[in-house]
Amino acid sequence: LSQLTAYQETKNALSEVSSFGMFSLFDDILDGIQNAMTASLMPSNGRTLYLGLDGSDSNNGTGLNSSWKSLQFAVTQLKAGDTLYIKEGVYKQSADFKSSGAASNYITIQGIGNVVFDGTTLYEYEPIFDTAGQDYIQFNNLIVNNARAAVKVSAGSHDVLVNGLVTDKSQFAVVITDAYNVTIKNVFATNSRNAFRAEGASHDLLYENTQTFGSKDIYDGYDLNYTNGDGFIFETPTYNITIRNVISGDHWDAGFDVKGSNVLMENVVAYVNKNGIQLWGKNVTVVNALSFKNKKQAKPDGGWVDGNGLNVRSGTVTLINSTFVDNEDIDIKVGTSTATVHLENSIVARKISGGHLLGQYGKFTSSNVLWYDGSKPAEFAISSNSLWANPGFVDWNNNDFRLLSSSQAINKGKSNDKVPSKDLDLKTRLVDSVLDLGAYEYRAAHPYLQGINEESTLSGQVSIKLNSDWTDKATQVRYYLDDV
């Protein structure tokens, strides 16, 4: 994946975020994408079939040396339980599904090695794969460039899985219309119009272990005074949406633009967008989020627009254990009188000049929040259970917003059953008996053993010593490696 042109272009585009690979989440997502070939899929117990550029539609399709050649012909032959293996090569074809799988027998489209679909010569509204109302279909290990979409999940379709997908310069990676029970995971999407879009009454959608960068919604006559292009966009009336372990950055508009309702966003990062997280729907919960360095758009008329870490335009939103830092205009914006926001166990901090920590035009409540502005004093009253203090980040200048041992955010949180067991580093959230503030939980060196941190990886000959401050209290010592 690191050799892909799109990956390198993305790193260059995000040069202002100097520690591009600093997130443990970033590395975990890439591992998931690269391992998608062997990932656990839904069951397919039917025939094994093949498609290849060296094939022929007069073949029976049952072997590597007797593969079919035309994608639409091959897809038309598929029945419940069949797996179509696509051999390496660059394909300039598309297909609509004609049949469904079953709950215990999905139809599977599986790339073998480096399988690329190039939509350059296709009709501009033609996706590579259209489920066309069919169900129980899964896609795995595909690269799609210059297309309308890699996968269009069309009206009436349900139980669709897209896993192990890389796209570049496609309008959408995946677009969903009036469909349900759709899972998107292990995807890397760059230079889209809107990388992930769901519309109509689509519901019960899961997006997991995914990264997207560089969306620009360019079309004839687009408004230069307000550019669009989102990493994720969910239109009304979509509902029951989960977004987990996702990074979305460097988009012309929002990292996440969510108009749907009943939404959970967990372990998400938004940065260098115009709006990091933009919300409009009812019953939206955001946990373990990091939104930073989202920036204002310069308008041709000389004005500026947005640059918000969070922009709640309407609806009801609860934010827990999240971190908002140095968003150019407003870190937390309650944008209209129809918006209601509650912020808890979080950090909102800035040291850049100008802008504001909070823009409140609707109802806003908070509890256990660390606020800080290094350029000016507080512009609003700090509640009794919150505090104003430098957050004590590990390396603010290089965007490492984990906590130093001296941070006043440590052990200042309150218990909440919506907090997951892992923090944004995907490590244990509750280290002591009290939660910390923000997206990251502080981890000290191991209190009992010298030279070991929690979840250390050790190899070779290892010498372990008891901490001298603790030794005189010891009556028994037990050693556990990998919980054994």
Side-chain angles (χ1 to χ4, degrees), residues 1-13 26 29-39 41 50-55 64 67-72 74-75 83-95 97 107-122 124 126-131 137-153 160-176 183-197 207-215 231 246-248:
L1 185 65
S2 64
Q3 301 307 310
L4 292 175
T5 300
Y7 178 89
Q8 298 300 329
E9 288 177 347
T10 299
K11 291 186 72 172
N12 294 335
F26 177 89
I29 291 172
L30 292 190
D31 288 344
I33 295 169
Q34 295 187 87
N35 294 330
M37 181 69 178
T38 57
L41 299 175
Y50 295 88
L51 177 79
L53 295 173
D54 59 349
L64 282 169
S67 59
W68 292 316
K69 185 172 185 177
S70 302
L71 180 63
Q72 183 62 72
V75 168
T83 296
L84 178 65
Y85 285 101
I86 303 177
K87 294 156 66 174
E88 283 196 333
V90 179
Y91 296 80
K92 299 183 178 182
Q93 307 178 46
S94 64
F97 280 80
I107 290 175
T108 301
I109 305 296
Q110 172 78 56
I112 303 175
N114 194 40
V115 176
V116 179
F117 284 90
D118 186 344
T120 303
T121 60
L122 301 178
E124 65 175 320
E126 185 177 358
I128 300 301
F129 291 98
D130 190 333
T131 62
I137 301 169
Q138 59 187 340
F139 304 86
N140 193 48
N141 193 46
L142 301 172
I143 299 172
V144 176
N145 301 326
N146 308 305
R148 169 67 173 180
V151 178
K152 179 182 180 182
V153 186
V160 175
L161 168 63
V162 179
N163 180 57
L165 172 67
V166 176
T167 71
D168 184 45
K169 297 182 176 67
S170 292
Q171 293 187 48
F172 310 97
V174 181
V175 60
I176 303 170
T183 296
I184 314 296
K185 63 181 183 179
N186 299 318
V187 180
F188 186 88
T190 54
N191 303 311
S192 310
R193 181 176 176 180
N194 298 287
F196 301 93
R197 180 181 178 89
Y207 297 79
E208 191 170 48
N209 220 65
T210 289
Q211 297 188 50
T212 175
F213 305 98
S215 292
V246 170
I247 299 174
S248 185

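Residues passing the ring pair (Phe, Tyr, Trp, His ring centres under 6.0 Å) test with Phe97, sequence neighbours excluded: Phe139. By the side chain to side chain contact (heavy atoms under 4.5 Å, CB included) test, Val116 is found to be paired with Val90, Asn114, Ile143, Asn145, residues two or more places apart in sequence or in another chain being considered. Residues forming a side-chain hydrogen bond (donor to acceptor under 3.5 Å, both in side chains) with Thr83 (at least two apart in sequence, or on another chain): none.
The OG1 atom of Thr121 sits 10.0 Å away from atom CG of Asn146, with the distance rounded to the nearest 0.5 Å. The CZ atom of Phe196 sits 8.5 Å away from atom OG of Ser248, with the distance rounded to the nearest 0.5 Å. Note: Leu142 CG to Leu165 CG = 6.5 Å, rounded to the nearest 0.5 Å. Between the CZ atom in Phe117 and the NZ atom in Lys92 there is a gap of 13.0 Å [rounded to 0.5 Å]. Rounding to the nearest 0.5 Å gives a distance of 9.0 Å between CD1 of Ile86 and CD of Gln110. Here the straight-line distance linking atom OG1 of Thr183 with atom CG of Leu161 works out to 6.0 Å at 0.5 Å rounding.
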Please step through side-chain contact (heavy atoms from CB on, under 4.5 Å) for the pair Tyr85 and Ile109, ending with a clear verdict. CA-CA 6 Å; Tyr85 285 101; Ile109 305 296; over 6 Å; no
Evaluate the criterion side-chain contact (heavy atoms from CB on, under 4.5 Å) for residue pair Lys152 and Arg197; output intermediate values, then yes/no. CA-CA 10 Å; Lys152 179 182 180 182; Arg197 180 181 178 89; over 6 Å; no
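Taking each heavy atom of Val175 and Ala149 in turn, the nearest pair found is CG1-CB, 4.1 Å. Closest heavy-atom contact between Leu64 and Ser67: O-OG, 4.0 Å. Across Ala189 and Ala195, no two heavy atoms sit closer than the pair CB-CB, 4.1 Å. Between Ala95 and Val75, the closest heavy-atom pair is CB-CG2, 3.8 Å.
Using a cutoff of 4.0 Å between basic side-chain nitrogens and carboxylate oxygens, Asp54 and Lys87 are scored as salt-bridged.
When atom types are taken as modelled, the side chain of Thr167 and the backbone of Val144 share no donor-acceptor pair closer than 3.5 angstrom. Listed for the Gln93 side chain is a donor-acceptor partner under 3.5 Å among the backbone atoms of Leu71. A distance-only check finds a donor-acceptor pair linking the side chain of Asn141 to the backbone of Gly111 [under 3.5 Å]. Proximity of a side-chain donor or acceptor of Thr120 to a complementary backbone N or O of Asp118 within less than 3.5 Å is not detected.
Taking 4.5 Å as the limit, some side-chain heavy atom of Phe172 sits within range of a side-chain heavy atom of Arg148. Contact check for Tyr91 versus Leu51: side-chain heavy atoms found under the 4.5 Å cut-off. At least one side-chain heavy atom of Ile128 sits under 4.5 Å from a side-chain heavy atom of Leu122.
Looking at Ser215 and Asn194, their side chains never bring a donor and an acceptor atom within 3.5 Å of each other.
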